[in-house]
Participant: 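Quick one: the structure is below, questions incoming.
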Amino acid sequence: MMHWIIAPVILPALLAPFIVLAARYHFVIQRVFSIAGVLSLIAISAGLAWQASDGTVTLYQLSDWAAPFGIVLVGDRLSTLMILLTSVLALFVLLYAIGSNWDKRGWHFHALFQFQLMGIMGAFLTGDLFNLFVFFEVLLIASYGLMIHGGGNMRLRAGVQYVLFNLIGSTLFLFALGAIYAQTGTLNMADLAQRVALIDAGDTVGIRVAAVLLLMVFAIKAAVVPLHFWLPSSYAEAPAPVAALFAIMTKVGAYAIIRVYTLIFPPELAATAGLHSVWLMPAALLSLAIGMIGVLAAQKLDRLVAFSVIGSMGMVMVAIAMFSPAGIAAALYYIVHSTLAAAALFLIADLVRAGRPSLALTAMPSVSGAPLTSAMFFLAAIAMAGLPPLSGFIGKLLILDAGFEGNMAVWIWVVVLGSSLISIVGFSRAGSTLFWKAKSIPHPEGTIQEPAPAALSYVAVGGLLTLLVAHTVFAGPAYSYVERTAAQLFAPEPYVATVLETPGKLSKPSKEEH
């Protein structure tokens, strides 16, 4: 199955130009091929995840050139988990886009959607920092096209802001890569894991600067305070299916932090010791607090959901900043939960939008389909706020337990519990305003109500909520898997050995040859 690892990158890369060139004016054909492609991605990703479940690290050398000279893709528990999560999320987002006809509101939605998947899959699978930068740029280009899909001045303005912030991140990324290559002569992650550890203590200035720059870049992608300003407007103004897909985009930043700072700059590395505790943990706690305060203060439902994404990323970063096996395992469990919950909330917001003049959190007449929409909002809000019995509650317990023995245990418990209370109040206010108070207000005479959303839209949202329930019911096996994943991350020797010792056209010289 070694060659299958490139399929999640190649398949959407081939589908996108095919849709543009062969099915540009045939939406039915675009939809068929787009859904078929995503279903194929799910099957391939599930197979790769199954193969990696026993600890196997799969390597693909492009053109059979061995690392660190050639481009490699690497599949371990972490990367295959993330591509499987992306594939499943993409299916329900795509079903919603078709059911709501969002894909017909502009040209090239399905082609851009496939390019977006290509960038996400490549970012998760690459074993090279420069190619991580390349896939970040693919993400940026495709996501900008998707964000302005359907047009509109507000959407265009938010898209420009989104691009500017991410271009700043890309520039910093290039500076960091230049500093790393100047000092080590390589950008392959496995090779860097060996070379960075051998740098003399008096010659670590460049590598420390690079480590800080990389942390800033990934923090921008993950919308960590104070680098989060681009997210609320960008996600709120984006088309609902696009915003739902973007729920995995912030996780790309979280993934990059986990990968780079357990493999290349591990906590025990003297050159970058304390970086996560000194900078990342305070920023994570601040992100959690500000995100949930934004939920309470939001005046529109879409912005409320966008701020909840910031808060959930703060929760993820709190767990990651512990940089312990228990903390990373809790973060991975919560990443799956928050991705599904955020995507469901963005789609539910669009269901609400279909029958209201606006998404302002003010009392308005009830709309068709309100009972089912309100029930879905109730479940998704419970999940995002972290109330029992859904997976958000379990995830927060795991994070609190992981941080119990740390130096910042008091701060972690206070901020997590306090922000949870604030989010409960914020979601309760929004739900009661949108659905309960609306019952007592009659429709104005002569008002023409929008038709009820298509059944496929409800199926898509219901599928995401069903996955949340499954993530709760099977929390034991799910946590066992992410626990083994965290253990693999903190014992990277098999990863490094697989990447560097697999022969190819040009292999790394052995010690005897020096």
Side-chain angles (χ1 to χ4, degrees), residues 9 72-83 85-86 116 118-140 143 165-166 168-177 179-180 187-190 192-193 196 207 210-224 227-228 230-231 246-267 269 272 275-276 279-280 283-284 287 309 312-314 316-321 323 327-328 331-332 334-336 338-339 485-486 488-490 492 495 499:
V9 180
V72 296
L73 301 178
V74 188
D76 61 354
R77 283 195 181 102
L78 176 59
S79 58
T80 55
L81 170 66
M82 297 306 294
I83 64 171
L85 175 62
T86 303
Q116 184 79 55
M118 171 196 168
I120 296 173
M121 297 297 188
F124 288 142
L125 290 171
T126 185
D128 184 275
L129 279 180
F130 182 77
N131 286 289
L132 181 61
F133 167 78
V134 171
F135 285 117
F136 273 5
E137 295 310 295
V138 174
L139 286 176
L140 177 62
S143 59
F165 267 91
N166 280 274
I168 293 172
S170 298
T171 304
L172 294 177
F173 203 167
L174 281 178
F175 289 158
L177 294 180
I180 292 173
L187 291 176
N188 180 276
M189 294 185 192
L192 281 170
V196 170
I207 211 68
V212 173
L213 287 176
L214 284 179
L215 187 61
M216 290 179 61
V217 171
F218 300 148
I220 291 175
K221 303 295 182 183
V224 176
L227 305 172
H228 69 292
W230 60 271
L231 190 145
F246 283 6
I248 195 69
M249 292 273 285
T250 49
K251 308 309 185 297
V252 176
Y255 165 86
I257 291 176
I258 294 173
R259 177 68 73 193
V260 170
Y261 292 90
T262 56
L263 181 62
I264 302 173
F265 307 114
L269 184 67
T272 55
L275 180 63
H276 53 88
W279 298 104
L280 189 56
S287 298
V309 171
S312 68
M313 283 308 301
V316 169
M317 287 300 167
V318 167
I320 292 175
F323 275 98
I328 297 297
L332 294 178
Y334 198 85
I335 280 174
V336 176
S338 62
T339 300
T485 302
Q488 186 181 47
L489 290 169
F490 282 91
Y495 180 103
V499 173

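Atoms considered below: every heavy atom in the structure, side chains included; atoms not considered: hydrogens, waters and symmetry mates.
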Participant: How close do Asn188 and Gly127 get, heavy atom to heavy atom, and via which atoms?
Facilitator: ND2-O, 3.6 Å
Participant: Treating Thr126 as the side-chain partner and Ala123 as the backbone partner, does any N or O pair qualify as donor plus acceptor under 3.5 Å?
Facilitator: no
Participant: Heavy atoms only: give me the nearest Ala222-Ala254 pair and the separation to one decimal.
Facilitator: CB-N, 4.2 Å
Participant: To the nearest 0.5 Å, tell me how far Leu125 CG sits from Ile83 CD1.
Facilitator: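 Taking CG in Leu125 and CD1 in Ile83, the distance rounds to 4.5 Å.
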Participant: Can you tell me how far CZ of Phe124 sits from OG1 of Thr80, rounded to the nearest 0.5 angstrom?
Facilitator: 11.5 Å
Participant: Could you measure the distance from the CG atom of Leu85 to the CE atom of Met82? Nearest 0.5 Å is fine.
Facilitator: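 It is 5.5 Å, given to the nearest 0.5 Å.
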Participant: Dump the intermediate steps for side chain to side chain contact (heavy atoms under 4.5 Å, CB included) on Ile264 and Ile180, then the final yes or no.
Facilitator: CA-CA 11 Å; Ile264 302 173; Ile180 292 173; over 6 Å; no
Participant: Would you say the side chain of Met317 lies within less than 4.5 Å of the side chain of Ser287, judging by non-hydrogen atoms?
Facilitator: no
Participant: Pick out which of Asp128, Asn131, Leu132 makes a side chain to side chain contact (heavy atoms under 4.5 Å, CB included) with Leu187.
Facilitator: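 Filter result, single survivor: Asp128.
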Participant: Checking Tyr261 side chain against Leu215 main chain: does a donor-acceptor pair fall under 3.5 Å?
Facilitator: yes
Participant: Please tell me if the side chains of Asn166 and Lys221 come closer than 4.5 Å, counting only heavy atoms from C-beta onward.
Facilitator: yes
Participant: Measure the spacing between CZ of Phe173 and CG of Leu129 and express it to the nearest 0.5 Å.
Facilitator: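 So the CZ of Phe173 and the CG of Leu129 are separated by 5.5 Å.
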Participant: Looking at every non-hydrogen atom in both residues, tell me the closest pair between Ala176 and Leu213 and how far apart they are.
Facilitator: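 Looking at all heavy atoms of both residues, the shortest contact is CB-CB, 3.8 Å.
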Participant: Can you name the closest pair of heavy atoms from Gly119 and Leu139 and give their distance?
Facilitator: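 Shortest heavy-atom separation between Gly119 and Leu139 comes out as C-CD2, 3.5 Å.
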Participant: Take Thr86 and Lys251, measure what side chain to side chain contact (heavy atoms under 4.5 Å, CB included) needs, and give me the verdict at the end.
Facilitator: CA-CA 10 Å; Thr86 303; Lys251 308 309 185 297; over 6 Å; no
Participant: Below 4.5 Å, heavy atoms only, C-beta onward: do Met189 and Leu192 meet side chain to side chain?
Facilitator: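 Not touching, per the 4.5 Å side-chain cut-off.
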Participant: When you measure from the side chain of Tyr334 to the backbone N and O of Ser312, does any donor-acceptor pair fall under 3.5 Å?
Facilitator: no
Participant: What is the minimum heavy-atom distance between Pro266 and Thr262, and which atoms define it?
Facilitator: CB-O, 3.7 Å
Participant: How about CZ on Phe490, more than 12 heavy atoms from neighbouring residues, nucleotides or ligands closer than 6.0 Å, or not?
Facilitator: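 Counting neighbours around CZ of Phe490, more than 12 heavy atoms of other residues, nucleotides or ligands fall under 6.0 Å, so yes.
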Participant: Is the shortest side-chain heavy-atom distance between Leu140 and Phe136 below 4.5 Å?
Facilitator: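 Answer no - side chains too far apart.
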Participant: Taking all atoms of both residues into account, what is the closest heavy-atom pair of Leu263 and Pro492, and its distance?
Facilitator: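 In terms of heavy atoms, the two residues are closest at CD1-CB, 3.6 Å.
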Participant: Say whether, by atom type as modelled, one donor and one acceptor occur between the side chain of Gln488 and the main chain of Arg77 under 3.5 angstrom.
Facilitator: yes
Participant: Atom OH of Tyr495 and atom CG of Leu489: how far apart are they, to the nearest 0.5 Å?
Facilitator: 10.0 Å
Participant: Quick one, Met313 with Val224, criterion side chain to side chain contact (heavy atoms under 4.5 Å, CB included). Give me CA distance, side-chain angles, the key distance, then yes/no.
Facilitator: CA-CA 7 Å; Met313 283 308 301; Val224 176; 5.8 Å; no
Participant: Should Phe246 and Ser143 count as side-chain neighbours, where that means a heavy-atom distance under 4.5 Å?
Facilitator: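 Heavy-atom side-chain distance check passes, below 4.5 Å.
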Participant: If you measure from CZ on Phe165 to CD1 on Ile220, what distance do you get to the nearest 0.5 Å?
Facilitator: 8.0 Å
Participant: Treating Asp76 as the side-chain partner and Ser79 as the backbone partner, does any N or O pair qualify as donor plus acceptor under 3.5 Å?
Facilitator: yes
Participant: Would you say that Phe265 contacts Ile207 through its side chain, given a criterion of any heavy-atom pair below 4.5 Å between the two side chains?
Facilitator: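 Counting from C-beta outward, Phe265 and Ile207 do come under 4.5 Å.
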Participant: Between Leu332 and Ile258, is a side chain to side chain contact (heavy atoms under 4.5 Å, CB included) present by the stated rule, with each step listed?
Facilitator: CA-CA 10 Å; Leu332 294 178; Ile258 294 173; 4.0 Å; yes
Participant: Could you tell me whether Phe133 atom CZ has more than 12 heavy atoms of other residues or ligands within 6.0 Å of it?
Facilitator: yes
